[in-house]
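Residue numbering restarts at 1 for every chain, and letters A, B, ... go by the order of the sequence lines.
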There are 4 protein chains.
Amino acid sequence: MATTKGEIVEQFRSQSIREAAMRVVSRKGYDHVTVQDIADEAGVAKGTVYLYFKSREDVLEKTMSFSFEEFHILIREAIGRGTTFRERVEQVVQAQIEYFEQQQEFFRLYLAMAEPLGERRLRKHASYRTHIAQLVSMVEMAVENDEVLAQPPERIAIALASVIRDIGLQRMTEKNKRPIAEDIEFVRDFICRGIATPEEKPA
Amino acid sequence: MATTKGEIVEQFRSQSIREAAMRVVSRKGYDHVTVQDIADEAGVAKGTVYLYFKSREDVLEKTMSFSFEEFHILIREAIGRGTTFRERVEQVVQAQIEYFEQQQEFFRLYLAMAEPLGERRLRKHASYRTHIAQLVSMVEMAVENDEVLAQPPERIAIALASVIRDIGLQRMTEKNKRPIAEDIEFVRDFICRGIATPEEKPA
Amino acid sequence: MATTKGEIVEQFRSQSIREAAMRVVSRKGYDHVTVQDIADEAGVAKGTVYLYFKSREDVLEKTMSFSFEEFHILIREAIGRGTTFRERVEQVVQAQIEYFEQQQEFFRLYLAMAEPLGERRLRKHASYRTHIAQLVSMVEMAVENDEVLAQPPERIAIALASVIRDIGLQRMTEKNKRPIAEDIEFVRDFICRGIATPEEKPA
Amino acid sequence: MATTKGEIVEQFRSQSIREAAMRVVSRKGYDHVTVQDIADEAGVAKGTVYLYFKSREDVLEKTMSFSFEEFHILIREAIGRGTTFRERVEQVVQAQIEYFEQQQEFFRLYLAMAEPLGERRLRKHASYRTHIAQLVSMVEMAVENDEVLAQPPERIAIALASVIRDIGLQRMTEKNKRPIAEDIEFVRDFICRGIATPEEKPA
DNA sequence: TATGAATGAGAATTCATTCAT
DNA sequence: GATGAATGAATTCTCATTCAT
């Protein structure tokens with residue numbers, strides 16, 4: 001490997017600035033983070049940020065891309081762990097909610113992502129679309145196996161993502177959290193069989 | 001009535017500024033709207049905005065509250081039109097998606113609302129919580145009638161709201177929109193009976 | 001005239017900012033003037049400068065254009081006052097040196113203009129070229145009347161302008177100035193008959 | 001000699017930084033050159049510049065002094081080559097214009113020098129004054145020999161320098177250059193006998 | 001010696017808010 | 001009441017200078 005010591009240090013600095021950025025974005029929101037905030041959080045001077053990133057936008061963009069990459073890997077693995085659609089949904093729900101709990105900063109970033117306002121929409125959406133695409137292919141597999149009704153898979157993926165997200169959000173704002181297992185079960189069942197009571201089957 | 005002519009004029013001005021604010025927020029996003037933008041859109045001078053509102057934040061906050069009030073009425077009426085839970089869900093989905101299509105500005109405002117970032121969280125949430133509360137009572141009614149499984153009603157309300165929102169958002173970004181009826185049906189069924197194929201009932 | 005009171009005030013403000021800019025440019029040099037300098041000199045807040053000009057560059061550019069316009073008129077009039085080339089040169093020299101003495105700020109601006117460095121070269125040169133063009137046409141007239149040797153007129157114009165400029169500059173840096181009349185005479189004669197003693201004419 | 005090996009290396013480094021500085025000043029202009037520019041051009045690290053010079057200003061100042069020294073020698077030699085004033089002017093004009101053509105970087109530096117703006121004025125003027133002093137003594141010699149009219153010699157020196165400079169500048173901005181010999185002849189004659197046609201001598 | 005990462009003062013620009021007319 | 005000119009705090013980005021390695 002041609003990885004010099006300098007490059008390692010560079011990677012390290014760059015990463016710690018990205019991590020600082022993630023924390024402040026989660027506190028103040030994407031649009032309200034200043035370069036000074038990021039620098040302070042990272043414990044470096046303002047000018048240092050510009051040694052590793054071209055601009056404020058560059059920091060934020062790279063912060064999001066890196067975080068999402070990690071997240072996408074996690075979800076891919078969760079999907080791989082299940083063998084039926086039901087199991088896969090459960091795995092995804094669990095992975096995502098647990099990740100959100102641990103990485104609240106990332107969760108807030110993820111939320112900011114869905115926000116479709118302004119010119120930054122497309123950029124932000126790139127990573128969000130990738131996430132949806134993962135779920136779409138999971139659904140398509142299930143459709144082939146006759147595990148789910150052949151609704152447009154993208155609609156299903158969106159619905160799935162949105163439910164997970166908002167239940168996760170709700171958990172974050174609650175003081176006394178429900179057991180995580182209950183919410184995972186709720187979402188899995190909500191997705192798989194809806195919420196209506198089964199209609200009576202005439203004998 | 002103690003409503004003087006002055007008060008009527010005041011109401012009118014105030015309202016037209018709020019309407020202008022809604023339009024510009026929808027175009028530029030909550031955080032990027034300037035007071036000058038609002039004044040221009042309303043056809044008044046910048047200083048005039050400050051005669052009717054304490055600050056930029058005040059304009060935006062009141063704009064959101066007022067808009068949500070109309071929306072809440074709409075949803076209440078939709079709920080009233082159905083007699084079963086299934087019908088009510090359908091009515092709510094339809095009302096909300098149609099309203100979003102017509103009032104894209106409001107929809108974007110609604111989206112900005114769910115975003116829980118920064119110090120604006122609580123303020124924004126006030127109206128959002130009201131909306132969820134409406135759905136919660138709809139669900140509770142259904143629970144009493146044994147129409148839905150007795151999951152925590154708030155979880156169900158959140159899931160319902162989130163699916164409607166994200167399907168609505170998806171519709172907005174599509175060039176060739178699917179027929180609205182299909183999406184309404186999709187959401188209703190997604191909510192009521194999930195997406196899994198019914199398990200085989202042994203004879 | 002459709003000149004409203006507002007427009008007059010606007011013109012006045014704009015002009016006083018330009019005048020302030022001219023003074024600070026003359027003190028600190030084109031490249032070292034800050035917007036804050038200009039604002040302070042004009043007795044207004046920094047933001048006010050941006051009400052009347054798009055950017056720092058805009059202030060400086062407009063300042064130069066306006067000043068040069070006045071200067072060009074002055075030179076045109078001086079040329080008009082003479083009837084022979086010799087008289088015209090004298091008038092131009094006199095007008096220019098006197099103007100430089102009175103408007104030292106402008107003079108320094110004029111000097112900055114000839115400096116051909118950087119990307120701003122062309123912009124700066126626009127006004128300088130106009131000035132040279134005035135002198136070129138004065139020379140061409142003289143060539144037609146056989147008053148001057150038919151050297152390339154542009155070379156002559158440049159030489160003329162450069163001598164006037166540098167003598168003017170020299171005067172500015174002297175504590176005990178020579179009588180202005182002597183310098184005017186010197187330049188006129190330098191231009192018209194050079195400095196060599198006449199060669200002896202053999203009888 | 002007390003010249004240690006270390007001192008030689010020091011001289012060499014110092015010189016190559018000065019040469020680099022001259023090149024970048026000529027490309028970007030005095031005020032827009034950064035220390036990083038100079039270091040890059042010299043192929044050393046930014047910190048190294050500070051081992052040989054006190055500050056950015058110090059580099060630029062020394063760069064100018066050294067460059068002018070070479071130039072002064074050149075002019076002194078040119079003066080030495082002529083025997084009459086006319087010849088000396090011709091030699092100086094030729095030497096200077098040729099040098100400018102070859103060393104455009106120096107020429108731009110020379111131009112920047114004459115610019116009398118800001119606090120840099122005095123510093124810059126030191127070398128410029130030396131150049132003028134050379135010409136003054138050339139003129140004084142000619143006055144003693146009755147070759148030129150006894151105008152104040154400094155005025156003549158300034159006029160001479162300014163014409164050479166601006167004709168040189170003009171040459172640089174022209175795409176199709178005139179033959180250099182023609183411009184040398186023009187300047188020599190302009191200086192020596194002016195541009196007016198000789199007056200008729202009555203028989 | 002040489003390096004170049006880190007620093008932070010300083011500059012341009014924007015915009016919420018005030019206030020004289 | 002209505003206006004919009006004026007203000008200056010806040011923000012992004014640059015770059016001369018320092019200093020640990």
Side-chain angles (χ1 to χ4, degrees), chain A residues 5-6 9-10 12-14 17 31-40 42-59, chain B residues 6 9-10 13 31-40 42-60, chain C residues 5-6 9-10 12-14 17 31-40 42-60, chain D residues 6 9-10 13 17 31-40 42-60:
Chain A
K5 176 144 161 281
V9 171
E10 164 132 3
F12 177 74
R13 274 292 199 207
S14 174
I17 291 171
D31 289 318
H32 293 96
V33 168
T34 70
V35 174
Q36 187 67 67
D37 289 334
I38 296 169
D40 289 350
V44 299
K46 200 167 24 146
T48 304
V49 174
Y50 287 91
L51 293 178
Y52 297 94
F53 299 91
K54 277 205 321 294
S55 65
R56 174 187 177 279
E57 270 309 290
D58 189 37
V59 185
Chain B
V9 171
E10 165 134 359
R13 275 286 206 216
D31 289 321
H32 296 97
V33 168
T34 68
V35 174
Q36 187 67 68
D37 288 334
I38 296 169
D40 289 349
V44 299
K46 198 164 27 159
T48 304
V49 173
Y50 285 87
L51 292 177
Y52 296 95
F53 299 91
K54 274 206 327 290
S55 67
R56 173 186 178 279
E57 271 309 291
D58 189 37
V59 185
L60 295 177
Chain C
K5 177 143 162 280
V9 171
E10 164 130 3
F12 177 75
R13 272 292 199 209
S14 174
I17 291 171
D31 289 317
H32 294 95
V33 169
T34 70
V35 174
Q36 186 68 67
D37 288 335
I38 296 169
D40 289 350
V44 299
K46 202 166 20 149
T48 304
V49 173
Y50 287 90
L51 293 177
Y52 296 94
F53 299 92
K54 275 205 324 293
S55 65
R56 173 188 178 278
E57 270 309 291
D58 190 36
V59 186
L60 295 177
Chain D
V9 171
E10 165 134 359
R13 276 286 204 215
I17 291 171
D31 289 321
H32 297 97
V33 168
T34 68
V35 175
Q36 187 67 68
D37 288 334
I38 295 169
D40 289 350
V44 299
K46 199 165 24 161
T48 304
V49 173
Y50 285 87
L51 293 178
Y52 296 95
F53 300 90
K54 273 205 328 290
S55 66
R56 173 187 180 278
E57 270 310 290
D58 189 36
V59 186
L60 295 178

Calculate, to the nearest 0.5 Å, the distance between atoms CG and OG belonging to B/L60 and B/S55 respectively.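 Nearest 0.5 Å value for the CG-OG distance: 8.5 Å.
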Notebook entry, point to check: Measuring from A/Q36:CD to A/K46:NZ, what's the distance to the nearest 0.5 Å?
Noted result: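 The NZ atom of A/K46 is 5.5 Å from CD of A/Q36, to the nearest 0.5 Å.
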- Sort out for me which residue in C/V33, C/I38, C/V35 forms a side chain to side chain contact (heavy atoms under 4.5 Å, CB included) with C/V59.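 So the option named by the test is C/I38.
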Spacing between [X] atom [atom1] and [N] atom [atom2], to the nearest angstrom:
| X | N | atom1 | atom2 | value |
| --- | --- | --- | --- | --- |
| C/L51 | E/dT17 | CG | C1' | 14 Å |
| C/Q36 | F/dA10 | CD | P | 15 Å |
| B/E10 | F/dA2 | CD | P | 9 Å |
| C/R13 | F/dG4 | CZ | P | 17 Å |
| C/H32 | F/dA16 | NE2 | C1' | 13 Å |
| D/D31 | F/dA16 | CG | C1' | 14 Å |
| D/D40 | E/dG4 | CG | P | 10 Å |
| A/F53 | E/dA6 | CZ | C1' | 15 Å |

TODO: May I ask you to verify if any side-chain N or O of D/Y52 is less than 4.0 angstrom from the OP1 or OP2 atom of E/dA2?
DONE: yes
| query | D/G43 or B/V33: which one's nearest nucleotide on DNA chain E is closer to the 5' end? | reply |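 The residue closer to the strand's 5' end, by nearest nucleotide, is D/G43.
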DNA chain F nearest-nucleotide lookup for B/T48 and A/R56: closer to the 5′ end is B/T48
Verdict with reasoning, B/D37 to B/T34, per side-chain hydrogen bond (donor to acceptor under 3.5 Å, both in side chains): CA-CA 5 Å; B/D37 288 334; B/T34 68; 3.2 Å; yes
Q) Which one, E/dT3, F/dT3, E/dT17, comes nearest to the side chain of B/Y50? A)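 So the nucleotide nearest the side chain must be E/dT17.
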Practice prompt. Look at the side chain of B/A45 and decide which nucleotide, out of E/dT17, F/dT3, F/dT17, has an atom nearest to it.
Written response: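 So the side chain of B/A45 is nearest to F/dT3.
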Determine whether a donor-acceptor pair (one donor, one acceptor, N or O, separation below 3.5 Å) exists between the side chain of D/K46 and the base of F/dT17.
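When only heavy-atom distances are counted, D/K46 does reach the base of F/dT17 through a donor-acceptor pair under 3.5 Å.
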query: Would you say B/R13's side chain and B/T48's backbone share a donor-acceptor pair under 3.5 angstrom?
result: no
Practice prompt. If E/dT21 has a Watson-Crick or G-U wobble mate with both distances under 3.5 Å, name it; if not, just say none.
Written response: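 Because both required distances fall under 3.5 Å, E/dT21 counts as paired with F/dA2.
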Looking across every strand, which nucleic acid part, if any, lies under 4.0 Å from B/T34 by heavy atom: base, sugar-phosphate, or nothing?
->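 Sugar-phosphate contact only.
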